[in-house]
Amino acid sequence: MALGFFSRLKEGLTRSTQKLTEGITAVFKKRTLDDAALEELEDILITADLGTDVAARIIANFRRTRFGREVTDDEIKTALAEEIAAILAPVAQPLEINRALKPHVVLVVGVNGTGKTTTIGKLALQYREQGLKPVLVAGDTFRAAAVEQLQIWGERTGAPVISAAANADSAGLAFDGLTRARAENADVLLIDTAGRLHNKSALMEELRKIIRVLKKQDETAPHSILLVLDATTGQNAIQQVGVFKDMVDITGLVVTKLDGSARGGIVVALAEAYGLPVHAVGVGEKAADLRPFDPMDYARGLVGT
Amino acid sequence: MFEALTGKLTGVFDRLRTRGRLSETDVLEALREVRLALLDADVALPVVRDFITKVRERAVGQEVIDSVSPGQQVVKIVNDVLIEALGGAGVVPLNLNAAAPVPVLMVGLQGSGKTTTSGKLALRLLKRERKKVLLASLDTQRPAAQLQLETLAKQAGVGSLPIIPGQTPLQIAARAMETGRREVYDVVILDTAGRLSIDEALMAEVKAIRDATNPADTLLVVDAMTGQDAVNTAKAFNDALGVTGIVLTRMDGDARGGAALSMRSITGAPIKFSGSGEKLDALEEFHPERVAGRILGQGDVVGLVERAAEIVDEEEAEKLAKKMAKGTFDLDDFAAQLKQLNKMGSIQSIIGMLPGAGKIQAALEASGKSNLDQKMLKRQQAIISSMTSGERKNPDMIKASRKKRIATGSGVTVQDVNKLLKQFDDMTTMMKRMNKLGQKGLMRQGLGALLPQGKRPF
């Protein structure tokens, strides 16, 4: 597993950052860091989805320390990587499964189409490889065939999948899942939920109900609430994470689809805004493509050093 | 709620309005803020640049500086350029000008909403155009994706291509077209697997599918929350396939749709539909002028009216309107209205369509009344149900002991009953004001005229 880890992550991130890298290289072939250069650099950060605020802050730092200097590509890249890594470092915290909990209950939430079910499948496979016993709850009782999608992951991983009929109450299902996981002495209970837009209060209330019901069996459950975030999301991610955090007290993020054409910048903005742990990043479709979040690699990949 | 673009532009133009004449510097300052606001609303940078250039060209100079109300003029120019950039006024329908069965190809990134949109489109074609539609899933990548489309086809009441495990997407496409011909379908919707624009193998595959089926429309399905990457995605799919239409999904979220501007500008293809909910009928024609209005804080009043027209019982509405005009609107009518409101969907999405929604929502939040939800409507209906018919006709007779009885009957507090009565009272006052204004006044002054300190965004 170690082999190919960095190359895969780098490959995924390199693609995304090629544009950023090209842009920086084009701008800074040893030239004076003047207003025009800084503005171009700021634009490059903006096109990477860092957002205007974060980009402006980073550029302000550059202005303070490097204004008027003759700079090369390398200096800029290194400085930028350091800057970004410094922002990301505090949020790089892997999701630790507490084996004593039996089960450690993980509730997975997010807006539609971010990759919740796929992430659960990948996590289940990884836990299985670590010798843990996962149980899955197909809590998306709304979307057509979402249950079947998780069941296929269950077959792939050999993990039991608790499911109910379409449109069944997801809170009741989560409760049954916890009962079953306890009875089977499982280590991890991964609960899938239907995708929901953060501005739909009734649907957010439904998530709170799932949590309330879980607490009836185990006051400390759910032990982790993961928000799965699509890396192609723009600035709306700030609102998205903010509302989910307020409503259901999410404990960490998983950022998916980082193997696409350009993105990741929003993670920097999120780290600044909320400081929520980023547990893992998805850089591909295979189970092994769900990787721990490493800020320095991420930052290096982002600026292409 | 953070009303990204609306709030910012309203702020910018509020400031413009307060000055009499505009200098070039004023325009440039405003445009700097417009630029930031557009970027924060996820409009891609190159698109923002073009946009700003166009506005500046029109704004700076005679047109603005000599005009009577320069602020209004800038607002109008920004609005005009925005509508143009979004595709001009009017709707571009699905292209069905081909020999039946007409193939429609759905493409996009993973999780953008292709499958759900396919189902919605099928239902729309069936209901509005009376077409016989076949849904075919070419998604052999994601587990159970084919099953998902089959389920949606059942819900929509349209045909679904039988699933044969082990077939390649290209084989499925051929089989779909063949089935479409044999069973005389009008339209065949080909739903493909989500793919990254940089995945060369999968892009080549979808190209082969396009070449084999020659679709009348190739629709790129895009999440309205997409950030700057919209440019890359749009460009890659357009270069590879020649996108002929865009579907913007999750417009019911609070992302202000900067991606719409980016996608439209990069591909040149019209945005044909927007998805605005999880139900199968939540697919609407894309109206550039309305979305521009929504972005600029003018609200999507037309959309609101249309939505209401679809749901509200016309006869019932007619009756209510007459009563309102006569001033004989009572609590029974109020209850009927609550019921219809209930059917229209969440209050928040309705408020989102109103002019100056950002301000209204901010005000609601500040006053702690943001939990305007379905629950509250139900509670109010319960309160009215606990009244006698005499009380409903003549609410003035409801005094302390009656209030106590009603509260007990509906399981609420006396305060809740008071609140409802106060609301009813406000409403009748508002109606009286509305009658005074007349319909023309309402059109001219907008809904803001009805609000106590009615300050309009423009």
Side-chain angles (χ1 to χ4, degrees), chain A residues 15-16 18-19 43-44 46-49 51-53 55 111-115 117-118 121 142-153 156 166 194-203 205 230-240 242-243 256-257 259-263 265-266 285, chain B residues 1-2 4 36 39-42 44-46 109-113 115-116 119 141-152 154-155 194 196-199 223-233 236 249-250 252-256 258-259 278 346 348-349 352 370-375:
Chain A
R15 278 195 226 121
S16 74
Q18 224 153 35
K19 237 191 123 216
D43 283 352
I44 291 163
I46 286 170
T47 54
D49 275 328
T52 51
D53 284 350
V111 303
N112 317 65
T114 57
T117 308
T118 306
F142 180 80
R143 206 202 70 201
V147 171
E148 286 81 355
Q149 187 183 344
L150 194 67
Q151 274 165 345
I152 292 171
W153 276 106
R156 286 181 189 172
R196 65 202 71 223
L197 288 172
H198 50 283
N199 61 336
K200 307 227 158 162
S201 51
L203 294 179
E205 201 51 53
D230 185 331
T232 53
T233 313
Q235 301 305 306
N236 189 247
I238 307 274
Q239 280 137 277
Q240 200 183 110
V243 175
T256 60
K257 304 182 203 173
D259 47 339
S261 45
R263 75 287 88 160
I266 194 62
E285 307 226 348
Chain B
M1 192 172 92
F2 175 56
L36 274 184
L39 285 171
D40 286 344
D42 287 324
L45 186 63
L109 300 178
Q110 288 95 337
S112 57
T115 305
T116 304
Q141 301 271 326
R142 185 167 56 93
Q146 291 175 290
L147 192 62
Q148 184 188 351
L149 192 68
E150 191 179 75
T151 311
L152 291 175
K154 254 181 230 154
Q155 284 171 14
L196 296 166
S197 53
I198 49 167
D199 190 327
D223 187 327
M225 294 183 282
T226 308
Q228 297 283 327
D229 184 55
V231 173
N232 305 327
T233 301
T249 61
R250 305 197 184 111
D252 49 334
D254 54 5
R256 297 309 263 185
E278 307 205 20
S346 87
Q348 261 159 10
S349 76
S370 60
N371 54 339
L372 276 175
D373 55 21
Q374 249 51 15
K375 234 188 224 161

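These numbers were taken from a predicted model, which means no experiment stands behind them. We name chains A, B, ... by the order of the sequence lines, and we start the count at 1 in each one.
Across all non-hydrogen atoms, the minimal contact from A:Leu197 to B:Asp252 is CD1-OD1, 3.2 Å. Taking both residues in full, the closest heavy atoms of A:Arg156 and B:Pro143 are given as NH2-CG, 3.7 Å, listed atom of the first, atom of the second, then distance. Between B:Ala144 and A:Ile152, the shortest heavy-atom contact is N-CD1, 3.6 Å.
If you measure heavy-atom distances from A:Val243 to chain B, you find no contacts under 4.5 Å at all. B:Leu109 touches chain A through its side chain: at least one heavy atom from C-beta onward sits under 4.5 Å away, while N, CA, C and O do not. Contact of A:Gln240 with chain B is made through the side chain alone, with heavy-atom distances under 4.5 Å. If you measure heavy-atom distances from B:Glu150 to chain A, you find no contacts under 4.5 Å at all.
No side-chain heavy atom of A:Thr232 sits under 4.5 Å from any side-chain heavy atom of B:Asp223. Between B:Arg250 and A:Val111, the closest side-chain pair of non-hydrogen atoms is not below 4.5 Å. Taking the side chain as every heavy atom from C-beta outward, B:Gln110 and A:Thr256 never approach each other to under 4.5 Å. Looking at A:Asn112 and B:Glu278, their side chains come closer than 4.5 Å, going by heavy atoms from C-beta outward.
Taken from CD in B:Gln146 to CD in A:Glu148, the straight-line distance is 13.0 Å, to the nearest 0.5 Å. To the nearest 0.5 angstrom, B:Leu45 atom CG is 4.5 Å from A:Asp43 atom CG. With values rounded to the nearest 0.5 angstrom, A:Glu285 atom CD is found 7.5 Å from B:Asp199 atom CG. Taken to the nearest 0.5 Å, the OG1 atom of A:Thr114 stands 8.5 Å off from the CE atom of B:Met225. Put simply, CG on B:Asp42 and OG1 on A:Thr233 are 9.0 Å apart, with the number rounded to the nearest 0.5 Å.
Between the side chains of B:Asp40 and A:Thr52, at least one donor-acceptor pair of N or O atoms lies under 3.5 Å.
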